Amino acid sequence: MAQELTTEEKRDKFVKLAEGRTQVALDAINKLGKLANDRAYVWTPDDIAKISLALEGAISNMKGRFDPDFVPTVTFSLNSN
């Protein structure tokens, strides 16, 4: 039978995973910023607003996950279909 982790072990595991996952998320956001290169890409202010709204929603959902009664919902598309 597996032994329950101590509070300190759970904290250490959380810190390790949170730091790694946060860095991955920050790297992905920085890559989105590189799409501003108008020599390589065509984008509209509406596209940027949609991307920003999706990211803000994801952050809100992430915060809400720490509330046991929260139900996360995030979808994203640049197309209006």
Side-chain angles (χ1 to χ4, degrees):
M1 182 179 281
Q3 184 177 354
E4 179 78 18
L5 295 177
T6 66
T7 300
E8 184 177 343
E9 290 169 328
K10 289 178 182 180
R11 174 68 185 159
D12 290 345
K13 185 176 178 181
F14 172 82
V15 169
K16 180 181 177 181
L17 291 172
E19 288 178 346
R21 292 176 185 183
T22 301
Q23 191 59 56
V24 168
L26 292 172
D27 291 344
I29 291 168
N30 286 330
K31 287 179 184 177
L32 281 170
K34 292 179 181 182
L35 294 173
N37 179 351
D38 58 6
R39 292 182 190 163
Y41 309 107
V42 174
W43 47 268
T44 68
D46 189 51
D47 293 335
I48 305 314
K50 287 178 182 178
I51 292 168
S52 296
L53 188 61
L55 292 172
E56 290 165 3
I59 289 170
S60 178
N61 282 337
M62 180 275 305
K63 288 179 181 179
R65 295 288 301 247
F66 292 93
D67 175 354
D69 297 326
F70 185 78
V71 178
T73 57
V74 173
T75 59
F76 176 74
S77 175
L78 287 177
N79 294 320
S80 300
N81 300 344

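Worth saying up front: this structure is predicted, and the values here are computed from it rather than measured. These values consider heavy atoms only, across backbone and side chains, with no hydrogens, waters or symmetry-generated copies.
- Considering only heavy atoms from C-beta on, Leu55 comes within 4.5 Å of Leu32 through its side chain.
- Distance alone, capped at 3.5 Å, places no donor-acceptor pair between the Asn37 side chain and the Lys34 backbone.
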Residues 7-18 side chain polar contacts: donor-acceptor under 3.5 Å, at least two apart:
{"from": "Glu9", "atom 1": "OE1", "to": "Thr6", "atom 2": "N", "distance (Å)": "2.8"}
{"from": "Glu9", "atom 1": "OE1", "to": "Thr6", "atom 2": "OG1", "distance (Å)": "3.3"}
{"from": "Lys10", "atom 1": "NZ", "to": "Glu4", "atom 2": "OE2", "distance (Å)": "3.0"}

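- With salt bridges taken as basic N to acidic carboxylate O contacts below 4.0 Å, one links Lys50 and Asp46.
- A 4.5 Å side-chain heavy-atom check between Val24 and Asp27 finds every atom pair outside the cut-off.
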| request: Evaluate the criterion side-chain contact (heavy atoms from CB on, under 4.5 Å) for residue pair Ile48 and Trp43; output intermediate values, then yes/no. | output: CA-CA 8 Å; Ile48 305 314; Trp43 47 268; 3.7 Å; yes

For side-chain contact (heavy atoms from CB on, under 4.5 Å), just list the numbers for Leu78 and Ile51, CA-CA rounded to whole Å, side-chain angles, deciding distance to a tenth of an Å, and then say yes or no.
CA-CA 8 Å; Leu78 287 177; Ile51 292 168; 4.2 Å; yes

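- Remark: Leu26 CG to Ile29 CD1 distance equals 5.5 Å, nearest 0.5 Å.
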